[in-house]
Number of protein chains: 2
Amino acid sequence: MELSERKKKVLRSVVDLYIRTAEPVGSKAVCELPDMKFSSATIRNEMAALTELGYLEQPHTSAGRIPSAAGYRLYVDELMADHRLSLEETKSINSAIEDKMQRLDRMMEKVAKLVSQATDLPAISVTSRQSGTTVKRYDLIQTGPTGVILVMMLSTDEVVNKLMRLPVDATDTDLKLLSAVLNAAMTGIGAEGFTSELLEKVMSSAGAAAMLVPVIVDFATETLRRQGHTDMAIAGQARLLGLPEYRDVDKAQKVLTSFDSDALSNLPAVMQNENGTKVLVGPENVAQELKDTSVVMTKFDIGDGLQGMIGVVGPTRMDYAKVTARLSYFAESLSKIFNKPEQPQLPDGDPVGEGLDPPSIQEN
Amino acid sequence: MELSERKKKVLRSVVDLYIRTAEPVGSKAVCELPDMKFSSATIRNEMAALTELGYLEQPHTSAGRIPSAAGYRLYVDELMADHRLSLEETKSINSAIEDKMQRLDRMMEKVAKLVSQATDLPAISVTSRQSGTTVKRYDLIQTGPTGVILVMMLSTDEVVNKLMRLPVDATDTDLKLLSAVLNAAMTGIGAEGFTSELLEKVMSSAGAAAMLVPVIVDFATETLRRQGHTDMAIAGQARLLGLPEYRDVDKAQKVLTSFDSDALSNLPAVMQNENGTKVLVGPENVAQELKDTSVVMTKFDIGDGLQGMIGVVGPTRMDYAKVTARLSYFAESLSKIFNKPEQPQLPDGDPVGEGLDPPSIQEN
DNA sequence: CTTTAGCACTCGATACCTTTGAGTGCTAAG
DNA sequence: CTTAGCACTCAAAGGTATCGAGTGCTAAAG
């Protein structure tokens, strides 16, 4: 059943006001809004109806109304105005992302900080990698009589290295042999492929530098295993305490504690089949600790099988329009940067992420 | 002037009780302690004297006493019992540090988490590197027609790499030439040494792969600059909210916010000339935000010009004995691990870090 | 039929007051 | 020097009255 235009307008007003004030909204406040042409009594009737329909709730008889989860859903899906970013906002976001950073995890830490700043809420950034990474290529570089650097190039084109010491002298030829063996036998297989049989086989044909093989296999296994891993950074936790709903220390503590625990580690799973921005409202959320708390997450593509996500955690009352707008913009900027890896380039003036899917919302 | 034995005993009792209960300590509570053989009236007199001397304070007339900053100092310096770790405690610390981890920063993140767990307080881990790092050696590895991996070995023996793309085909010989030039001209100099004259000089003699030089110089500069940098991880922020003194959200927020800002970035400077454990008590602390808050930090050596620190942040009332004991033990274990880089090995059963300097304290 | 003004009612929030009790300092006796 | 006793202080806790925002309902007006 479709709501009347007027009901929608009232509902939107209530949500907007509640987002701004964090306090139950009364009929008077609504009817005093600039473009509301009805008296408080009429509004009262509409609000009573909306309460009946389950879009609003009443904390107690003589208080105003607050939006229910269903009310938020309707708001996010249909009613909220899309919040265009001002020029200054896009500028400050861009210049923040601009400094090219070298290491992905450092960068994502920084991004979390920026998102937190932009939204005034705690922010999360996640990178997760599909498993199935393999080593594409091994190189060994000799440094001094017993020093050897192992350089591995992964199937994701990421390059990792490790410095090793060799107890006996090894010639350049020994190392060339070893790397040839490694490249022949140990490329294109995942972490689970490094069996002890393989290890033995490689060692037997590896010549003088064979004692390096276990170290290499260890390192490779560990590296590949880590590749399937998710990596998460959180910033701006303190901002939570600035919000009226978390003046109650116990509530705040529950939420903050859930950051430290791995309550959020199933976020990637939840987002797996989603695209664009997803709003998780209220109870039965990713983590049970987060009643009254919503999570807004946006996925973006890093390339190379890497999956990036940024998001914020805040009260269900948060300003969804602003938050989703900023997240989308961040995500889009980041996507652009990652797709031109060598010369990070700013996305230009276009202020809103038009290419993204509309936000979807999940509730209950 | 030296305090009488009895005064010391009373002072110790007051601090101990206050640490346990977080509430002003009355004469009755003190005289009910097992080995206190005087009546509450006597204790009252002693406490009045200690207040006179500035070691105790009275929040208001009819409340008990709490230790002043001076009181804490005396306590930490002379009075506190050294808290020996139980076997389980050492075991759990060891097994936690045990999993060898590859990347230093990841490891320090993990360590912060562990310290936080062990002390039930927010924990900080810092690694800082003296500047003055240089590149010791360059290697170029060709991967496919246009792919090149740059591997740099730093004077700290750390190895970093970067994947680059070359717009034109380059032969193995071109790369050999380039790396020879790099090794000849660009080793042993710091970030400030990479001038544009040097860049030009190197480019002119670099042959076919010369266009890589600016990218390499950029990367090297950035890397070296980062080397002088401090790196910090914080864990367990939520634990702060569990403490009675931070039920006041505003206080808690101030402290937590100071984590996000760089208020703590001068910690390394403060610790520069200190060894062992340092206790920073109360106001005029590292960060002004941290009134009522103390920081306990322990330095340890990572080697290779790297400096490690772990510490906790908590109320001035924190259990110094326990905290310093655990920090020392952690620090010692970490030192041992870092000094046997290839096969991390557990420190064995010796429960307390006897080799460390006695804790020093700074106040005001 | 819709809108609006009026009004009695509800109930959390606030302010004010009282009570309670832990803790003190002082005095005087042991 | 130590201790029991006692009057005094003052924050914390609890109880009561008041206030007012907001409601639902009714009846009149459009």
Side-chain angles (χ1 to χ4, degrees), chain A residues 3-11 13-18 20-33 35-68 71 244-245 247-249 292, chain B residues 3-11 13-18 20-33 35-68 71 244-245 247-249 251:
Chain A
L3 293 178
S4 75
E5 263 326 297
R6 197 169 70 185
K7 280 196 178 53
K8 282 186 187 172
K9 193 166 176 181
V10 171
L11 179 55
S13 304
V14 171
V15 179
D16 280 339
L17 281 171
Y18 186 63
R20 246 205 330 269
T21 64
E23 259 157 44
V25 179
S27 53
K28 203 173 150 200
V30 173
C31 92
E32 271 166 357
L33 286 175
D35 63 339
M36 193 58 72
K37 295 172 210 71
F38 303 94
S39 77
S40 68
T42 311
I43 308 292
R44 265 207 296 287
N45 289 331
E46 294 290 34
M47 281 166 72
L50 286 167
T51 308
E52 188 69 25
L53 291 167
Y55 293 114
L56 295 179
E57 284 172 358
Q58 234 176 340
H60 55 268
T61 326
S62 74
R65 306 298 213 284
I66 62 174
S68 69
E245 28 272 286
R247 314 254 3 149
D248 177 3
V249 181
D292 277 14
Chain B
L3 293 178
S4 75
E5 263 326 296
R6 198 170 68 186
K7 281 197 178 52
K8 281 186 188 171
K9 193 167 177 181
V10 171
L11 180 55
S13 304
V14 171
V15 178
D16 280 339
L17 281 171
Y18 187 62
R20 243 203 334 268
T21 64
E23 259 156 44
V25 179
S27 54
K28 204 174 150 200
V30 173
C31 92
E32 271 166 357
L33 287 175
D35 64 338
M36 193 58 72
K37 297 172 208 72
F38 303 94
S39 76
S40 67
T42 312
I43 307 292
R44 268 207 294 287
N45 289 332
E46 293 291 33
M47 281 166 72
L50 285 167
T51 307
E52 188 69 26
L53 291 167
Y55 293 115
L56 295 179
E57 285 173 356
Q58 234 175 340
H60 56 266
T61 328
S62 73
R65 305 299 213 285
I66 63 175
S68 69
E245 27 272 288
R247 313 256 3 152
D248 177 3
V249 181
K251 252 193 206 165

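Worth saying up front: this structure is predicted, and the values here are computed from it rather than measured.
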Tell me, do [X] and [Y] make a side-chain contact under 4.5 Å, heavy atoms counted?
X     : Y     : answer
A:D16 : A:L33 : no
B:E46 : B:K9  : no
A:V14 : A:Y55 : no

Using whole Å, what does the distance between atom [atom2] of nucleotide [N] and atom [atom1] of [X] come to?
X     : N      : atom1 : atom2 : result
A:K28 : D:dG24 : NZ    : C1'   : 17 Å
B:L56 : C:dG25 : CG    : P     : 11 Å
A:I43 : C:dT3  : CD1   : P     : 10 Å
A:L50 : D:dG24 : CG    : P     : 12 Å
B:E52 : C:dT24 : CD    : P     : 16 Å
A:F38 : C:dC1  : CZ    : P     : 19 Å
A:E46 : C:dT4  : CD    : C1'   : 14 Å
A:N45 : D:dA27 : CG    : P     : 15 Å

Listing, residues 21-28 of chain A side-chain donor-acceptor contacts under 3.5 Å, not counting sequence neighbours, or none:
unit_1: A:T21; atom_1: OG1; unit_2: A:L17; atom_2: O; d: 3.0
unit_1: A:T21; atom_1: OG1; unit_2: A:E23; atom_2: N; d: 3.2
unit_1: A:T21; atom_1: OG1; unit_2: A:E23; atom_2: O; d: 3.4
unit_1: A:S27; atom_1: OG; unit_2: A:R44; atom_2: NH1; d: 3.4

Please set out all donor-acceptor pairs under 3.5 angstrom arising from side-chain atoms of residues 57-65 of chain B, sequence neighbours excluded.
unit_1: B:Q58; atom_1: NE2; unit_2: B:T61; atom_2: O; d: 3.1
unit_1: B:R65; atom_1: NE; unit_2: B:T51; atom_2: OG1; d: 2.8
unit_1: B:R65; atom_1: NH2; unit_2: B:T51; atom_2: OG1; d: 3.4

(request) Keeping the roles fixed (side chain from B:S68, backbone from B:G54), state whether a donor-acceptor pair exists under 3.5 Å. (result) yes
(message) Among residues 57-67 of chain A, which ones have heavy-atom contacts with DNA chain D below 4.0 Å?
(response) A:Q58, A:T61, A:S62, A:A63, A:G64, A:R65
(message) Once you apply a heavy-atom cut-off of 4.0 Å, does B:S27 come out as touching a base, just sugar-phosphate, or nothing?
(response) sugar-phosphate
(request) Respond yes when some side-chain nitrogen or oxygen of B:R44 is under 4.0 Å from OP1 or OP2 of D:dG5, and no when none is. (result) no
(message) With a 4.0 Å cutoff (strictly under), does any side-chain N or O of A:T42 reach OP1 or OP2 of C:dT4?
(response) yes
(message) Measuring from atom NZ of A:K7 to atom CG of A:N45, what distance do you get when rounded to the nearest 0.5 angstrom?
(response) 9.5 Å
